[in-house]
Amino acid sequence: MKRTHTCGALTDQHIGQTANLCGWVDSIRDHGGITFIDIRDRAGLTQLVFNPENDQALAERASRLKPESVIGVHGEVRPRPAETVNPRLPTGAIEVVGRELEIFNISDTPPFPIDDAKGDKVNEDLRLTHRYLDLRRPRLRKAMEVRHKASKTVREVLDEEGFYEIETPFLFKSTPEGAREYLVPSRLNPGEFYALTQSPQQFKQMLMVAGMERYYQMARCFRDEDLRSDRQPEFTQVDLEMSFIDREDMYALIEKLVARVWKEVLDIDIPTPFPRMPYAEVMNRYGIDKPDTRFGMELVDVGEIFGETEFKVFRGVLDKGGAIKAFNAKGLADLTQGELTNLTEIAQSLGAKGLAFIKADKGQWKSPILKFFTDAEKAALAEVLEIEDGDMVFFAADQWTRACTILGRIRLEAANLLKKRERLTIAPDAYNFLWVVEFPLLIYEEEEQRFVAAHHPFTAPVPEDIDLLQKDPKAVRGQHYDLVLNGVELGGGSIRVHQPDLQKTLFEDIFAIPPETVQERFGYMLKSFRYGAPPHGGIALGFDRMVAILTGTTSIRDVIAFPKTQKGQCLMTDSPGPVTDRQLRDLHIQTLVQED
RNA sequence: GGGGUAGUAGCUCAGUUGGUUAGAGCGCCUGCCUGUCACGCAGGAGGUCGCGAGUUCGAGUCUCGUCUAUCCCGCCA
């Protein structure tokens, strides 16, 4: 039986017509005589009626079906009796009277309910083992649709903007700086290995040297790092690179791209341009480089208030040039002892000695450190932090970065506690995009006693800071930009170095990589830059994270058809798995693990 | 590598201070039922309490170890 309509398509417009529907049995309601079957396909649900008065044998066959079986039904569309119309269903005004029934496949009883509400509560490992059943649930089906629409829109916009979609190799060579890589033994080159690309970074720059001018790719990337709810070993980036552009061009393009995706998928108008904030400011105000700006409780520098303090802890930090930061967790004075202990432990894990606080409770302030504060200091605190009864204020006194980082983390934890108490609500359709700009180009690595790239070694310095490279490397800002959305790092990129001499200086003088190593790893790149490299820059957006936000989930596993568990396994196919000795021999490798 | 949470029927969970035969809802099976849509009613089957040790007269419950999933730290240029 060939289908003529989908299960979502039939409405009262089709009354009187015949139709062939194919799909899965969603539910069976056998009344002894009359039997109703909901048939489901990708598009929706339609009620089938089988009446023994019409065809006794057919009605009996229908009533013996099992849920999730696949059937085809021929019948006519008719209106439901007025009092039995179901307004909760798009197809609730009609039903299809079954005349013929073809059973394509009888289903075993599924191991878990194929149902959004119940399915969401089922253990994820069971769902992943039977992912083909999990994906039947409307929520996941919808996620796949959103993912498709988003990638389609990305392709449309970038096509309009003159980009070529170009594929680059997955099999690359190992580049030990950066993420741990998946290695692939080379059969034809004994003892040598490919590495799967952790991103197409070097290839896309070569495409610019090659004169492609505008490249993009829905690029699969591979990183052998530990997993998180927003990190999978293979994931997808919207990867692109452009020649002859500056940062402003990039902001405009990505704002256009993102706004179109939100419009196409959610029918929401995202205001552009997006706000921009320098790295130093986001750290000062939010204590994190990917701030969630959907709520306030911003960090405040209270160092000036305590300029004359005799409180040893603050005095010591200020004398060493550190910072005293504070923020007001509005309405969190009823924090429990357990919650406070938990916050303190988090602060300590980030290097704090403790977590100082002031609780404004029933008209008075309570705090172990209150006795060290003068009345003037208290008054000043009350003013800048807008302390009211019921508030909880946290402090961090440390070197600037650490003080910000500690409170930035506590701010997020406090927000979660307030959400639980329903004192902080964030609109589900709040999308706070933000460009974070002017990152430092370099970070000093204490362990290795050298500078490393804050992002990657191909990021160009801000032109007016180039002179500082030798004099004051810490002060050099990079032409890097991060796109942040609701506290999630959605992507990042930069204007690249395109001058061979500058790139060589960065590698050898600043990052202190031995010249032989530079030659081995990046020699081809430096060489290419001597043959007419255009100024260029690019960006990569985390596509899985974008779709997760579009579908309102926090786990990218919900938007990847076949994701892996935290141990990197696919429970459906049971991979990875062992290989034969013969395979290992062909690849010239041995394992040190003995099979049981 | 480290910390937290969870693991009891096919699924979701309850199980008191360690004490008789481990329960519920859903699902499944059987029967009844002609307008339901989470159909209803009656009955029934279904358990290696993740696994392994230990303590104890006695362990789902306590201890240790271990496995799996998940959240987080480290890690992710």
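Every chain is numbered from 1 and lettered A, B, ... according to where its sequence line falls, protein lines coming before strand lines.
Listed nucleotides: A69(B), C72(B), C37(B). Nearest to the side chain of E124(A): A69(B). Closest approach to the I34(A) side chain among U70(B), G35(B), C76(B) is made by G35(B) (side chain taken as heavy atoms from C-beta onward). Minimum atom distance to the side chain of R29(A) is reached by C39(B), of the listed G27(B), C72(B), C39(B). Considering only the side chain of P111(A), G10(B) comes nearest among C28(B), A69(B), G10(B). The side chain of E95(A) sits closest to G35(B) out of U34(B), G35(B), U12(B). Side chain of Q566(A), nearest nucleotide from C29(B), U36(B), C71(B): C71(B). Looking at the side chain of K118(A), the nearest of the listed nucleotides U70(B), C26(B), U12(B) is C26(B). For A179(A), taking side-chain heavy atoms from C-beta onward, the closest of the listed nucleotides U36(B), A69(B), C76(B) is C76(B). Checking G74(B), U36(B), U70(B) against the side-chain heavy atoms of R231(A) singles out G74(B) as nearest. Of the candidates C37(B), C72(B), C11(B), the closest approach to any side-chain atom of D38(A) belongs to C37(B).
Of the N and O atoms on the side chains of Y286(A) and D292(A), not one donor lies less than 3.5 Å from an acceptor on the other residue. Using modelled atom types and a 3.5 Å distance limit, the side chains of S199(A) and Q237(A) yield no donor-acceptor pair. Side-chain contact of S63(A) with T35(A): a donor-acceptor pair under 3.5 Å is absent, judged by distance alone. Inspection of the Y524(A) and Q202(A) side chains reveals an N or O donor paired with an N or O acceptor under 3.5 Å. Donor-acceptor pairing under 3.5 Å is lacking for the side chains of T91(A) and Q47(A).
In this model, the phosphate group of C73(B) is approached by a side-chain N or O of R228(A) to a distance below 4.0 Å at OP1 or OP2. Residue Q569(A) places at least one side-chain N or O under 4.0 Å from the OP1 or OP2 atom of A69(B). When the side-chain nitrogen and oxygen atoms of T565(A) are compared with OP1 and OP2 of A69(B), one or more of them lie within a distance under 4.0 Å. Dashed line: the shortest gap from a side-chain N or O of S27(A) to OP1 or OP2 of A38(B) is not under 4.0 Å. Side-chain N/O atoms of R127(A) include none lying less than 4.0 angstrom from OP1 or OP2 on U12(B). Contact check, S229(A) against C72(B): a side-chain N or O comes under 4.0 Å of OP1 or OP2. At the phosphate of U68(B), OP1 or OP2 sits under 4.0 Å from a side-chain N or O atom of K567(A).
A salt bridge links R40(A) with E68(A); the closest basic N to acidic carboxylate O contact falls under 4.0 Å. Comment: R139(A) does not engage D116(A) in a salt bridge, judged by the lack of any side-chain N to carboxylate O separation of less than 4.0 angstrom. Salt bridge annotation for R137(A)-D120(A): present, with a cationic side-chain nitrogen under 4.0 angstrom from a carboxylate oxygen.
Heavy atoms of D115(A) sit nowhere under 4.0 angstrom from any nucleic acid atom. Using a 4.0 Å heavy-atom distance criterion, L45(A) is classed as making no nucleic acid contact. Within the nucleic acid shown, N123(A) comes within 4.0 Å of sugar-phosphate atoms alone, with no base atom in reach, counting heavy atoms only. Residue contacts shown for R223(A) are limited to sugar-phosphate atoms, with no base heavy atom under 4.0 Å away. Backbone-only engagement by V122(A) is indicated by non-hydrogen atom pairs under 4.0 Å involving sugar-phosphate atoms exclusively. Residue contacts shown for E177(A) include a base, since a base heavy atom lies under 4.0 Å away.
Annotation: F522(A) is in aromatic contact with F458(A) [ring centroid separation under 6.0 Å].
Across C71(B) and C64(B), the matching P atoms stand 26 Å from one another, rounded to whole Å. G50(B) sits 6 Å from U8(B) when the P atoms are compared, rounded to a whole Å. Here the separation of C29(B) from U61(B), taken at their P atoms, is 34 Å to the nearest Å. For the C1' atoms, the distance from G18(B) to G54(B) is 15 Å, rounded to whole Å. Separation of the C1' atoms belonging to A45(B) and A9(B) is 11 Å when rounded to the nearest angstrom. Taking atom P in both C76(B) and C67(B), the straight-line distance is 26 Å, to the nearest Å. With both ends at atom P, the span from U17(B) to C57(B) equals 22 Å, rounded to whole Å. Straight-line distance between the P atoms of A59(B) and A42(B): roughly 39 Å, to the nearest whole Å.
A donor-acceptor contact under 3.5 Å is formed by the side chain of R78(A) with the base of G35(B). You'll find a donor-acceptor pair under 3.5 Å spanning the side chain of R80(A) and the base of C37(B), going by distance alone. Taking only distance into account, the side chain of E345(A) never meets the base of G4(B) through a donor-acceptor pair shorter than 3.5 Å. With hydrogens and angles left out, the side chain of D226(A) and the base of G74(B) share a donor-acceptor pair within 3.5 Å.
Of the listed residues (T344(A), T405(A), L343(A)), just one forms a side chain to side chain contact (heavy atoms under 4.5 Å, CB included) with I410(A), and that residue is L343(A).
The CZ-C1' distance, from F112(A) to C13(B), rounds to 18 Å in whole Å. As rounded to whole Å, 19 Å separates atom P of G27(B) from atom NE2 of H130(A). Atom-to-atom, CG of D558(A) to C1' of U70(B) comes out at 13 Å; the value is rounded to the nearest Å. The CG atom of L126(A) sits 11 Å away from the P atom of U8(B) (whole-angstrom rounding). Look at CG on N51(A): it is 10 Å from P on G35(B), rounded to the nearest Å. Separating the CG atom of L227(A) from the C1' atom of C76(B) is a distance of 10 Å, rounded to the nearest angstrom. Atom CZ in R88(A) sits about 12 Å away from atom P in U36(B), given to the nearest Å. The distance between atom CG of D125(A) and atom P of G10(B), rounded to the nearest whole Å, is 15 Å.
The partner of A69(B) is U5(B), by the rule that a Watson-Crick or G-U pair needs both atom distances under 3.5 Å. Nucleotide C33(B) forms a pair with no other nucleotide shown, judged by Watson-Crick or G-U wobble geometry with both contacts under 3.5 Å. Partner assigned to G27(B) is none, using Watson-Crick or G-U wobble distances below 3.5 angstrom. With a cut-off of 3.5 Å on both Watson-Crick or G-U wobble distances, the partner of A38(B) is given as none. Of all nucleotides present, only G52(B) satisfies the Watson-Crick or G-U wobble test against C64(B), with each distance under 3.5 Å.
Taking the nucleotide of RNA chain B with the nearest heavy atom to each of P113(A) and I28(A), the more 5' of the two is matched to P113(A). Mapping P110(A) and E83(A) onto RNA chain B by nearest heavy atom places P110(A) closer to the 5' end of the strand.
Here F36(A) counts as stacked on U36(B): its ring centre is under 5.5 angstrom from the base ring centre and the planes meet at under 30°.
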